[in-house]
Amino acid sequence: MRKFYQFAFIILVILGLLASCSRDEKKYRIGVSQCSDDIWRDKQNSELQIGAYFHDNVELRFAVAFDSDERQIQQIDSLVGTGIDLLIVAPNQVSTISPAIDRAYDKGIPVIVFERKTNTKKYTAYMGADNYEMGHLMGEYVATRLNERGRIIEVMGLKGSSPAIERHNGFREAIAQHPGIQVVATLQGDWTEPTAYNTVKQWLDKNKGEKIDLVFGMNDRTAMGARKAFEEAGVALPLFCGIDGLPGENGGIRLVMDSLLDASYIYPTHGDQVLQLAVDILEGKPYEKETKLMSALVTQENARVLLMESEEIMRQSHNLEQLHEKASQYLDQLGNQRTLIFVALAAIFLLLALLVGIYMYYLQRARIQDERMQMEREQLDFYTQVSHELRTPLTLIQGPLDQLLRTNDFRTASDNARELFTIVRRNTQHLTGLINKMLDAQTGGTVTDVNAHVETQHLAPTESAENVKPDEDAPTVLIVDDNADIRIYLRSILQGQYRLLEAEDGKRGLELAREQVPDLIVSDVMMPVMNGLEFCQQVKKDDISCHIPVILLTARALEKHQIEGYESGADAYITKPFSPELLLARISNLLQSRHQLKDLWGMKSAAEPVEAPATVAAPAPTPIEDAFISRFKKIVEERLPDSNLSVEDLAADMGLSRVQLYRKVKALTGSTPVDLLRKARLAQAQKLLQESTLSVSEIAYKVGFASPSYFTKCYKDEFGTVPGEARKS
Ligand code: FRU
């Protein structure tokens with residue numbers, strides 16, 4: 001039982017582990033350190049997030065430095081501290097952020113530098129557009145746009161940031177190729193609109209009246225800041241060019257389309273591509289160390305198309321986001337359902353375990369009960385056996401002693417001898433009482449002493465039956481007992497009144513019962529070969545022996561044993577040690593109460609003496625007995641005309657031996673077969689005398705009499721009149 005519950009517990013733990021394992025997938029934590037917060041960064045961040053949707057084991061941790069070196073350094077260190085697996089960084093300036101990047105890299109964390117550059121070599125991969133080329137192409141465009149002649153202002157990005165440096169270099173080198181283009185001023189900005197506005201406003205204030213043809217702001221916000229300053233100054237507006245070319249309401253493409261800017265340059269964000277690069281690195285897949293992103297110029301000519309395309313892309317991104325939201329809702333539901341299933345499984349399993357446990361408990365209890373009952377049975381058998389062993393010798397002491405006390409010898413014995421005998425007898429009775437008590441205590445059953453009322457009866461001497469021989473017609477009693485002494489003792493009790501047959505076990509008893517058809521059987525119960533119960537059943541089942549009364553004489557004194565005895569068909573049950581008077585009384589009683597069908601042929605006979613009423617009411621004949629008698633009557637009636645018909649012939653017709661037929665018929669009817677045959681003939685004759693015109697002689701021959709004179713004699717004996725009398729009436 002304990003083992004079973006240990007097993008159930010282990011299964012439960014495994015189930016639990018399975019449930020938690022499937023939820024605890026290895027996650028990639030990716031830190032994203034952005035230098036600024038603006039619409040370009042917003043776009044890039046949301047692309048990174050969309051990229052992450054394709055990998056459900058990626059978790060992004062964002063940090064924004066708001067253009068502050070110190071803050072970005074601090075943020076990178078703390079991202080590393082939270083245990084990120086990879087760092088994506090857009091460094092505010094080239095040199096200032098490098099120490100923090102180095103620290104992350106040295107800790108074994110892969111680093112992707114994105115869009116802005118750093119002066120450290122400690123990074124895993126770089127991805128970004130070519131800012132030099134962008135500046136150069138913008139320089140070429142400006143020269144063409146101004147027809148190689150004009151005055152321009154350049155407003156720079158944040159000092160020390162790599163795009164500002166590279167875009168400036170590219171722009172200036174391109175412009176240098178066009179002598180008609182003159183850079184009137186290079187003003188310092190920081191990528192933000194307010195700074196550009198302020199610095200241009202200051203310049204305009206100082207240089208009133210100066211004609212400017214074009215302002216190149218290093219991003220669209222810078223260009224728009226410059227435009228604001230010009231608009232406020234109320235001077236003729238030059239052309240404005242910027243970089244970024246973002247889609248959306250305030251993006252550069254729209255500004256170009258609305259002619260607020262003359263041109264812009266798409267500065268690619270490509271956050272999803274950056275994310276894929278990060279996952280490839282984390283999963284150990286091959287990747288490019290340096291990736292150059294493509295970009296393109298936005299002018300009045302292509303702005304509309306570009307806007308349409310970029311808005312389409314934005315729309316798709318939006319759909320994608322919604323899809324993701326739905327998917328993650330489903331995933332959440334799925335997760336809940338999975339938890340529910342695991343909980344349900346665990347509950348079912350626990351319930352099953354409980355049921356099995358209860359079942360096993362009951363099984364064990366039933367087994368213990370069986371064992372206890374078996375033990376009790378064995379104990380009872382043992383005590384029954386012991387009591388049997390004790391009761392039989394007790395019977396053989398007490399019985400003969402009683403008999404002795406009743407003899408004439410005892411009457412003449414000395415007072416002393418009689419006293420001693422009385423002591424012996426009292427103590428055998430006491431011993432019987434003790435045995436009964438012992439059996440009572442062991443079984444909790446009831447020991448029924450069916451002989452009790454006779455036990456203390458008359459010690460007065462009676463005449464010994466020893467030398468009295470029964471007459472020929474005395475009933476036959478069959479004694480069945482394996483104990484030779486008991487047989488001798490029973491013989492001594494019964495031989496004066498009954499003719500005796502003896503058998504030492506049930507099997508032999510059955511043979512004798514069938515062959516000799518005794519009038520009564522006295523049988524022991526516990527015997528070898530075939531016990532008394534089985535023997536009694538067989539006797540009662542057999543056509544020939546079924547009518548014979550059976551007395552079971554046994555040491556099995558418990559009430560349940562008596563019930564068993566009666567169930568096997570016994571007519572009486574007497575326990576050892578028994579009183580000889582009781583046995584004799586039972587035998588005579590059973591013989592008297594035997595059912596006898598006296599008047600088989602329905603004759604009214606004057607000669608028949610009136611029967612004294614039986615002391616005990618006779619039981620009704622059993623169906624087997626009825627059937628036997630009917631069969632016998634039929635055969636007799638069929639064969640009665642045959643004057644040579646013998647009892648042997650009748651027995652043969654019945655399938656019996658002469659003795660069997662004689663004894664069976666005698667037992668059932670009280671008459672012999674010869675008597676019955678004669679009575680049948682006379683009954684038939686009486687009928688013919690009354691109903692036919694045949695002569696007396698003819699009738700005599702017809703009913704099987706060899707001579708009419710013998711017929712007349714028999715008729716007179718039976719009916720008290722001569723046949724002629726019957727004719728007269
Ligand atoms: C965004 C931004 C862009 C510019 C880029 C340069 O933060 O200022 O406008 O093109 O950074 O790194």
Side-chain angles (χ1 to χ4, degrees), residues 32-48 62-69 71-72 75 88-97 101 112-119 126-138 154-171 187-197 199 215-227 240-256 260-261 263-271 274 292-298 310:
V32 180
S33 171
Q34 290 284 21
C35 52
S36 312
D37 176 38
D38 49 60
I39 56 170
W40 191 91
R41 301 280 160 200
D42 288 347
K43 181 168 182 274
Q44 192 187 41
N45 287 346
S46 70
E47 286 166 359
L48 278 165
F62 289 97
V64 187
F66 298 100
D67 309 308
S68 155
D69 294 334
R71 195 177 286 168
Q72 190 164 29
Q75 284 176 343
I88 295 171
V89 58
N92 198 35
Q93 294 190 50
V94 175
S95 55
T96 47
I97 311 300
I101 294 174
I112 296 175
V113 176
F114 182 72
E115 181 262 323
R116 291 189 191 179
K117 288 182 178 163
T118 168
N119 62 359
Y126 171 80
M127 185 177 272
D130 187 340
N131 280 290
Y132 174 87
E133 187 183 79
M134 219 176 288
H136 201 276
L137 284 167
M138 192 48 91
E154 183 189 14
V155 186
M156 300 274 288
L158 178 72
K159 196 173 182 188
S161 70
S162 69
I165 299 162
E166 288 171 355
R167 286 176 194 177
H168 172 75
N169 291 342
F171 185 71
L187 305 175
Q188 187 59 55
D190 61 0
W191 304 119
T192 67
E193 191 179 314
T195 306
Y197 165 79
T199 166
V215 177
F216 168 46
M218 277 201 180
N219 63 3
D220 294 339
R221 295 194 306 280
T222 301
M224 285 304 285
R227 184 183 169 104
F240 296 92
C241 292
I243 286 181
D244 279 351
L246 286 168
E249 213 26 55
N250 301 314
I253 301 175
R254 175 112 240 159
L255 297 174
V256 173
L260 295 171
L261 294 181
S264 182
Y265 212 100
I266 293 174
Y267 190 47
T269 44
H270 292 204
V274 182
K292 193 171 133 186
L293 298 174
M294 302 299 289
S295 58
L297 194 67
V298 183
S310 59

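In each ligand, atom 1 is the first atom listed, and ligand 1 is the first ligand listed.
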With sequence neighbours excluded, residues passing side-chain hydrogen bond (donor to acceptor under 3.5 Å, both in side chains) with Asp42: none
Part of Glu115 with heavy atoms under 4.0 Å of ligand 1, whether side chain, backbone, both or neither: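 Side chain only; the backbone of Glu115 stays clear of ligand 1.
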Arg221 heavy atom under 4.0 Å from ligand 1: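 In this structure, Arg221 qualifies as a contact of ligand 1 - some heavy atom is under 4.0 Å.
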Asp38 to ligand 1, any heavy atom closer than 4.0 Å: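 Yes, that is the case, since the closest heavy atom of the residue is under 4.0 Å from the ligand.
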Arg227 (side chain) donor-acceptor with Leu260 (main chain) under 3.5 angstrom: yes
Atom indices of ligand 1 within 4.0 angstrom of Pro163 heavy atoms, with elements: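 Those qualifying, in numeric order: 6 (C), 12 (O).
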Check: Trp40 N/O within less than 3.5 Å of ligand 1 N/O: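 In this structure, Trp40 places no N or O atom under 3.5 Å from an N or O of ligand 1.
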Geometric N/O contact Arg167 with ligand 1, under 3.5 angstrom: yes
Residue selection (non-hydrogen contact nearest atom 3 (C) of ligand 1) among Ile39, Asp244, Asp190: Asp244
Rounded distance [0.5 Å steps], CD in Gln75 versus OG in Ser68: 8.0 Å
Side-chain heavy atoms of Tyr265 within contact of Arg167, under 4.5 Å: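 Side-chain contact under 4.5 Å: no.
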Side-chain touch Pro268/Met294, heavy atoms, less than 4.5 angstrom: no
All side chain to side chain contact (heavy atoms under 4.5 Å, CB included) counterparts of Pro247, not counting sequence neighbours: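 Applying side chain to side chain contact (heavy atoms under 4.5 Å, CB included) to Pro247 gives Lys43, Ser310, Met314.
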